[in-house]
Amino acid sequence: MYSFNNMVGGKTLSANASFDVINPSTHDLAGKAPLATSADLDQAVAAAAAAFPAWSGLSDAERQDYCHRVADKLEQHHEELARILTSEQGKPMAGMGSMFEIGGAIAWARYNAALEIPVEVLQDNDNGRVEMHRKPIGVVGSITPWNWPVMIAVWHIIPAIRTGNTVVNKPSPFTPLSTLRMIELMNEVLPAGVVNSLTGDDSLGAAMSSHAKIGKIVFTGSTPTGQKIMASAADTLKRLTLELGGNDAGIVLPDCDPAAIAPGVFWGAFINNGQTCAALKRLYVHDSIYQQVCDELVAFARTIKVGDGFDDNSDLGPIQNRMQFDKVNRLVRQSLELGSQLLLGGPVDDPDTLFFPITLIATDSASDPLVQHEQFGPALPIIPFSDIDAVIAAANDNQNGLGGSIWTDDQQQFRQLASRMECGSVWHNKHGAIQPDVPFGGVKCSGVGVEFGKEGLLANTNIQVLFL
Ligand code: NAD
């Protein structure tokens with residue numbers, strides 16, 4: 001059983017109360033995390049604000065060096081962090097599970113450490129010189145979800161500190177342990193107060209988003225929570241980066257080979273058990289190959305093993321929490337009640353575990369709730385189409401706009417259709433691939449702003465222009 005403290009101002013913060021963190025595979029106690037209060041939040045923000053002048057006053061090269069040392073630390077504790085993550089999140093150690101997630105966190109940390117912060121000369125002539133500089137914002141509040149908790153915390157924290165801000169991070173109460181340990185490790189190499197952790201319930205996140213001394217909130221989570229954060233950040237006009245929900249469509253054109261695309265489509269949808277913002281959540285397949293694609297997906301899905309993340313044979317773990325399990329179960333049930341056809345898996349009666357069978361559903365109803373809503377779990381609706389304009393309209397007929405994919409060997413058709421899709425990323429013959437040097441973000445209700453790349457880094461800064 002793990003037990004970690006919050007780190008505030010470089011020291012452990014004692015807590016009067018704690019809460020249980022449950023292993024979703026076994027229902028055993030994975031660990032305990034401190035239940036921070038609003039007074040603790042004030043203390044964490046004050047510690048971050050106190051660290052800000054010295055940290056923002058360092059040279060870029062010094063901060064780059066610190067960020068590389070953070071990456072080194074994470075590398076040294078790669079397996080330890082992965083084990084904590086599996087015990088609270090449930091995902092397998094191997095495959096695209098915990099070792100992969102910590103590896104991603106290290107890669108993102110290194111990439112951001114190495115980035116340069118530009119000074120742009122906008123004018124240099126007889127009328128004078130104008131320079132555009134990037135200044136840190138101050139204290140950044142980072143609020144993270146339970147699906148990829150460590151990697152997402154690194155996505156928030158490293159660009160923020162690289163650009164000279166200091167951070168208070170609040171992890172999801174479902175998966176706080178790996179983040180607590182990671183921030184403890186960061187504090188072994190960073191100056192006191194640069195990165196602070198605060199675990200607690202959702203009210204702590206709400207208090208952060210209205211806190212007068214926090215200059216920016218970077219939030220990854222659901223759209224309804226993002227909307228609340230945006231509203232409560234209005235009074236203090238906080239800068240916001242909001243990475244929210246997705247209901248990504250994948251469109252399979254008639255020239256595809258069903259057997260060849262099945263593994264890529266499957267993992268695009270079922271990575272992390274579907275608990276991924278930019279997973280493929282609605283699959284539209286041309287009539288002419290619809291039955292073959294369904295058959296190939298069923299055949300491939302039958303080779304995948306769902307089980308305890310510490311079992312080497314498991315490809316996928318449990319759904320992380322009961323609330324999410326019930327949501328997926330409900331959407332699958334509602335879809336079948338509306339007349340869709342079950343190809344594999346299906347709803348679970350009286351579940352006493354959080355393991356959900358991989359579920360594939362054939363549906364042709366645009367009003368199917370499994371099509372309309374983000375399921376965020378291992379259930380994929382497969383919808384036939386015959387008309388390309390109608391399928392683009394269907395893909396766009398959703399409040400979300402995170403990602404999308406088009407499956408075809410015709411590069412030109414990919415480009416034409418991709419430009420008509422209302423989403424932040426469009427993938428060709430794959431779905432959900434992200435990388436640290438490429439901006440990532442959603443349109444419509446999937447978010448505000450981007451992370452990754454230079455654009456993501458600079459989202460942690462304000463512009464200051466010097467007229468010389
Ligand atoms: P969630 O919105 O329930 O919780 C996320 C975080 O917000 C948690 O730390 C929670 O404690 C906190 N929180 C809850 N209420 C709050 C409030 N009123 N004010 C401030 N903070 C509050 O989301 P979740 O269930 O943890 O994550 C799943 C969702 O996240 C899915 O919709 C998924 O698509 C989305 N997501 C998006 C991305 C992306 O990059 N776009 C990445 C991962 C997950």
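In this text the structure is predicted, and so the values were computed from the model without any measurement. One-based numbering, in listed order, for ligands and for the atoms of each.
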List every atom of ligand 1 that sits less than 4.0 Å from any heavy atom of [X], numbering the atoms from 1 in the order shown and giving each element.
{"X": "Gly221", "answer": "2 (O), 23 (O), 29 (C), 30 (O), 35 (C), 36 (N), 37 (C)"}
{"X": "Pro171", "answer": "9 (O)"}
{"X": "Lys228", "answer": "18 (N)"}
{"X": "Glu374", "answer": "31 (C), 32 (O), 33 (C), 34 (O)"}
{"X": "Thr144", "answer": "6 (C), 8 (C), 9 (O)"}
{"X": "Phe376", "answer": "28 (C), 31 (C), 33 (C), 34 (O)"}
{"X": "Leu402", "answer": "41 (N)"}
{"X": "Gly205", "answer": "19 (N), 20 (C), 21 (N)"}

Side chains of [X] and [Y]: do they bring a donor and an acceptor to under 3.5 Å?
{"X": "Thr236", "Y": "Lys238", "value": "yes"}
{"X": "Ser98", "Y": "Thr86", "value": "yes"}
{"X": "Thr220", "Y": "His156", "value": "yes"}
{"X": "Thr461", "Y": "Thr163", "value": "no"}

(request) For ligand 1, find out whether one of its N or O atoms is nearer than 3.5 Å to an N or O atom of Ser209. (result)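 There is no such contact.
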
(message) I'd like to check whether Asp201 has a polar contact with ligand 1, where a contact means an N/O of the residue lying under 3.5 Å from an N/O of the ligand.
(response)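 No, Asp201 has no N/O under 3.5 Å of an N/O on ligand 1.
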
Quick one: does [X] get within less than 4.0 Å of ligand 1, heavy atoms only?
{"X": "Phe440", "answer": "yes"}
{"X": "Phe219", "answer": "yes"}
{"X": "Gly447", "answer": "no"}
{"X": "Ile152", "answer": "yes"}
{"X": "Gly442", "answer": "no"}

(request) Give the residue and atom name of whichever protein heavy atom lies nearest to atom 17 (C) of ligand 1, and the separation in Å to one decimal. (result)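 Answer, as residue, atom name and distance: Thr225 CG2, 3.7 Å.
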
(message) Counting non-hydrogen protein atoms only, what is the nearest one to atom 24 (P) of ligand 1? Give residue, atom name and distance.
(response)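 So the nearest neighbour among protein heavy atoms is Trp146 NE1, 3.4 Å.
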
Without swapping roles, check the side chain of [X] against the backbone of [Y] for a donor-acceptor pair under 3.5 Å.
{"X": "Asn165", "Y": "Asn460", "answer": "yes"}
{"X": "Asn196", "Y": "Gly193", "answer": "yes"}
{"X": "Asn429", "Y": "Thr408", "answer": "yes"}

(request) Measure centre to centre between the rings of Trp407 and Phe414, then say whether the value is under 6.0 Å. (result)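 Trp407 vs Phe414: aromatic centres not under 6.0 Å.
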
(message) A side-chain contact here means heavy atoms from C-beta on lying under 4.5 Å apart; do Cys294 and Leu343 qualify?
(response)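 They are in contact (side-chain heavy atoms under 4.5 Å apart), so the answer is yes.
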
(message) Could you check whether any side-chain heavy atom of Leu316 comes within less than 4.5 Å of a side-chain heavy atom of Phe355, counting everything from C-beta outward?
(response)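 No, too far: nothing below the 4.5 Å cut-off.
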
